[in-house]
Amino acid sequence: MSLKDRKRFEPSEVEPRIVARWLESGLFHPEPEGSPAENFSIAIPPPNVTGALHMGHALNGSVQDTLIRHARQQGRRAKWILGTDHAGIATQTQVEKRLVGEGTTREAIGRAAFIEKTWEWRAEFGGTIIEQFKRLGASLDYEQERFTLDEGYVKAVLKVFVDLYSKGWIYRDNYMVNWDPGSGSAISDLEVEEREADDTLFHIAYPLSDGSGEVVVATVRPETMLADVAVAVHPDDERYKDLVGKTVTLPLVGRELPIIADEYVKTDFGTGCLKITPGHDPNDFEIGRRHGLPELSAIGEDGRMTDLVPQFEGLPVAEAQAAVVVALDEIGAIRAREPYTHTVPFSHRSGQRIEPLISLQWFMKMDELAAPAIAAVRDGKLRIHPESQSRRYVDWLENIRPWCISRQLWWGHQIPVWYRDEQVYCGATAPEGDGWTQDPDVLDTWFSSALWPFATLGWPDETPELQAFYPTDVLSTARDILFLWVARMVMMGIELTGETPFSDVYIHSVIQAPDGRRMSKSLGTGIDPVDLIDAHGADGVRFGLLAMSSTQDVRFSEEKVAQGQALANKLFNATRFVITNAAEGIAPAASPQTVEDRWILSRLGAARADFAARVEAFDFSKAALGLYDFVYGELCDWYLELIKGREFDDMLSAHLLHVLRETVVLAHPIIPFVTEELWPHVGGEGLLAAHVAGDVVAPRDLDAEREVERVIATVQAVRSWRDAGGVKPGAFLAARCDGLDDELVALVARLARLTPVTDDDRAPVAVIPVRGCQVELLEGVDPQEAAAKVEAARKALQGEISRAEGKLSNQGFVAKAPDAVVAAEREKLDRLKAELAAL
RNA sequence: GGGCGGUUAGCUCAGUUGGUUAGAGCACUCGCCUUACAAGCGAGGGGUCCCCAGUUCGAGUCUGGGACCGCCCACCA
């Protein structure tokens, strides 16, 4: 169907065609040439391989694609690096669920078969999100898709492990970890979230071994007492000073525990006596190490009681607690119990309560890695937007602790360490000889993600891609993985490549549900961006999400998406109007003949400059809304209406095509589909996505802007009078126009539906003053209506005049305000008085 | 317990270094199928800028205090 006959832009019909053309063109896969300084690259935050597109992906995709397309328009070779993350725990959990559905378990089929199953799972579901990104119009390099477990990537990960191991920064230790019973694995501090829980605080009496009394300790975890190794008091606590050095006898167990002094203990909390359980409490662990205390484990990695106290062996933790309480009650050791609300750690992944326990794990030393990552931000080599986030970044890095990098999973990079008797071997490949067993653990998924910007480009090999596109330019992501991922990429990037892996980090908004709650599947508050694309088109979704975004979290509003859809449709119809009227076979060219022609060129230039500045400042909301204002408020509402009375000669046709063509270019980074569709109709050649716009912007024409602004103000004033006076919209009214030259009068007359007269000396029924000129309506308006309107206008003017006079008679204002402000106030007063006089 | 951000029209949000009568989109009211678009066009109504105090000739904007909401960090049993 010809464009002229399509009354509406139909995204569902257009989008698949456009995507196909983009993909065929090879445009999204730039050759690795040139230098990183002249090229532009972004590495996408790798979505989980089995994930589906959610609102965060859609917003972040819109942001990154806008940046990438903007860079392409500037003639930069732009590469948006694509790939997915193997997502250890998340993927393993899904595959395990499937196995259960098939009546088996991962333990039953064994490690090798399980990993094979997981690769099958990836083959089956791994492509979903990539296809969804295509629907969004994301101009990712689909020809070079990476995976954090592909061959080259594995090579990079193993090399990093081996290198940092030999540097002594990766080590194995028995240490307190966050044990997640849900995934059966240790997890890092960052994967723990605090939640409020209602518990009971038990006060338990520990008798002194010499029979001279007792001390009372408070705990919400009575079952951990089985692993107590000491009781601590504050060294300055007068109540207990004399007890330090004595021992108590642990109830139920009979072990003698020393009473020690440690400044950690708060004298004003509870009883001032703290039971020390290094095996099951992070603080107690630290205290235990300070005092050289033994580390006992009452709870095992299976979430059941160990054989430390045979009476409770094998009981799940919750049952053990009940049993311990019963036993303590029997001997009358519980002095008090009170309800207690506090925060306790939960696994972010499995949602289960974290069990702190001591475990043999791999750790990475972070201090030396953190220092240059802090310096990068301090020196301005790395800029974080919004700026307020850089403080969070620095604070976290300054207080960084060792990172537990081992996970008791099967799906991931297996730790490249082998054991044989007392021997330990670390290397990228298995050691020679028999009898070696590889460490069964895999690396934290974030260990491999930390290498993302360079491992995806072929590091550690000096590939052409690495030379052309690394370091990358921008990293765009949500706030919640600033530490988990961004900071670690910076640390690893600087350590391994000597370069900050990107120069700008953009932290985008989190989009909440319309009611302000979190968008989540489990709450039922999620909105599927693909459904939105179906309903409003990808352009509408992109525009809407960008227009919503901000420097903080925002609520989702479908109206903004609809606004974007309306914009796409508006641009489509504006183009349709121009090409149905323009002379045939005319090439676009700026050829202004009239004041409005000059005006729109000036406004277009301003819109372009503004758009570029907004995008480069990561202010996508303003970029999108500014585009909307230009297209609606200036191009369609005024310019196209202003030219409608004119003959579409060659010069006007060429000029209109030029304006439309440049508008389509301007809008392309945000609404690529409709603009690509229109491109050939406004004289564009090839793909708009490949079009280099350059950055030369025509100088503003302020004279034309002033004149057309007067026309607009006059038209609006007359329309307002007509409407208030009940004039039929179609009627042309005779009017005298003073203070405007003929060209402007003609414009006003057409848009306000006036018949300008000069030889009619009837008395006006209404006088409309506006910006130094006035329009006298000679007919149409009902005299009474007119009188009421005049009265209202007079009242408003008088209000303003007295306000201005009051200001100017205020000595403080005249004496202290800047001269320009005072002068402006005087000018305004004069203008108001003139307008009042004209009424 | 610390830190950060927010509070402006019915809703979602703008508001530059303090300076016209505080804006937009959506919603609402009235009028229009005016030959690009009724998913459109025109004209309107609607605000105690969270509260209190202060600085200033002048405060939505700056300062102090408070209230409420959200987020981040944190080892009080």
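In this text the structure is predicted, and so the values were computed from the model without any measurement. Note that these values count all heavy atoms, side chains included, but never hydrogens, waters or copies made by symmetry. Below, chains carry the letters A, B, ... as their sequence lines are ordered, and counting in each starts from 1.
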Nearest to the side chain of Arg392(A), heavy atoms from C-beta on, is which of C72(B), C76(B), G44(B)?
C72(B)

What are the residues of residues 536-557 of chain A, sorted by number, that bring a heavy atom to within less than 4.0 Å of RNA chain B?
Ser550(A), Gln552(A), Val554(A), Arg555(A)

Position toward the 5' end of RNA chain B (nearest nucleotide), Arg391(A) or Gln512(A):
Arg391(A)

In whole Å, what separates the P atom of U56(B) from that of A74(B)?
44 Å

Do Glu641(A) and A36(B) have a side chain to base donor-acceptor pair shorter than 3.5 Å?
yes

Euclidean distance for C1', C28(B) against G47(B) (whole angstrom):
15 Å

Could you walk me through whether His234(A) and Asp262(A) pass the side chain to side chain donor-acceptor pair (under 3.5 Å) test, one step at a time?
CA-CA 5 Å; His234(A) 192 93; Asp262(A) 194 286; over 6 Å; no

Using the C1' atoms only, state how far A27(B) lies from U12(B), rounded to an integer number of Å.
11 Å

Rounded distance in Å between the P positions of U7(B) and C49(B)
14 Å

The side chain of Asn283(A) lies closest to which of these nucleotides: C75(B), U20(B), A77(B)?
C75(B)

From the candidates G42(B), A14(B), A36(B), the one with an atom nearest any side-chain atom of Lys622(A) is A14(B)

Span that lies between the C1' atom of G18(B) and that of A22(B), in whole angstrom:
14 Å

Pick base, sugar-phosphate or nothing for Asp637(A), based on heavy-atom distances below 4.0 Å to the nucleic acid.
sugar-phosphate

Between G3(B) and G65(B), how far apart are the P atoms? Round to whole Å, please.
11 Å

Ring centres of Tyr506(A) and His385(A) under 6.0 Å apart?
no

Is any N or O donor-acceptor pair between the side chain of Tyr264(A) and the base of C76(B) shorter than 3.5 Å?
no

Candidate nucleotides A38(B), C75(B), A77(B), ranked by approach to the side chain of Lys7(A) - the nearest:
A38(B)

Here's a test of your reading of the structure: between Glu825(A) and Ser388(A), which maps to the more 5' nucleotide of RNA chain B?
Ser388(A)

Has the side chain of Lys644(A) got a donor or acceptor that lies under 3.5 Å from a partner of the other kind on the base of A36(B)?
yes

Salt-bridge test for Asp610(A) and Arg614(A): reply yes if a basic N is under 4.0 Å from a carboxylate O, no otherwise.
yes

Could you check which of A36(B), G19(B), A77(B) has an atom nearest any side-chain atom of Tyr340(A)?
A77(B)

In whole Å, what separates the P atom of G46(B) from that of C37(B)?
34 Å

Return the nearest nucleotide to the side chain of Arg479(A); candidates are C71(B), A77(B), C41(B).
C71(B)

Search all heavy atoms of Pro222(A) against all heavy atoms of Gln321(A) and return the closest pair with its distance.
CG-CG, 3.8 Å

Taking only the side-chain nitrogens and oxygens of Lys570(A), find out if one of them lies under 4.0 Å from OP1 or OP2 of C41(B).
yes

From the set G42(B), G25(B), C72(B), return the single nucleotide nearest to any side-chain atom of Asp723(A).
G42(B)

Among A36(B), G31(B), G19(B), find the nucleotide with the atom closest to the side chain of Pro818(A).
G19(B)

Where the side chain of Lys266(A) is defined as all heavy atoms beyond and including C-beta, which of C76(B), G19(B), G44(B) is the nearest nucleotide?
C76(B)

Check whether NZ of the Lys or CZ of the Arg Lys644(A) lies under 6.0 Å from the centre of the six-membered ring of Phe577(A) and within 45 degrees of that ring's axis.
yes

Applying side chain to side chain donor-acceptor pair (under 3.5 Å), run through Thr277(A) and Lys275(A) and close with a yes or a no.
CA-CA 6 Å; Thr277(A) 321; Lys275(A) 69 195 252 321; 3.0 Å; yes

Which atom pair, heavy atoms only, marks the closest approach of Ser621(A) to Ser549(A)?
CB-O, 3.2 Å

Students often get this wrong, so: under 4.0 angstrom with heavy atoms, is Gln716(A) touching a base, only sugar-phosphate, or nothing?
sugar-phosphate

Atom-to-atom span, CG of Asp284(A) to P of C75(B) - whole angstrom
14 Å

Taking the basic N atoms (NZ, or NE/NH1/NH2) and the acidic carboxylate oxygens, is any pair closer than 4.0 Å for Arg391(A) and Glu398(A)?
no

Counting side-chain heavy atoms from CB outward, which of G19(B), A77(B), A39(B) is closest to Asn569(A)?
A39(B)

Tyr175(A) ring center within less than 6.0 Å of Phe285(A) ring center
yes

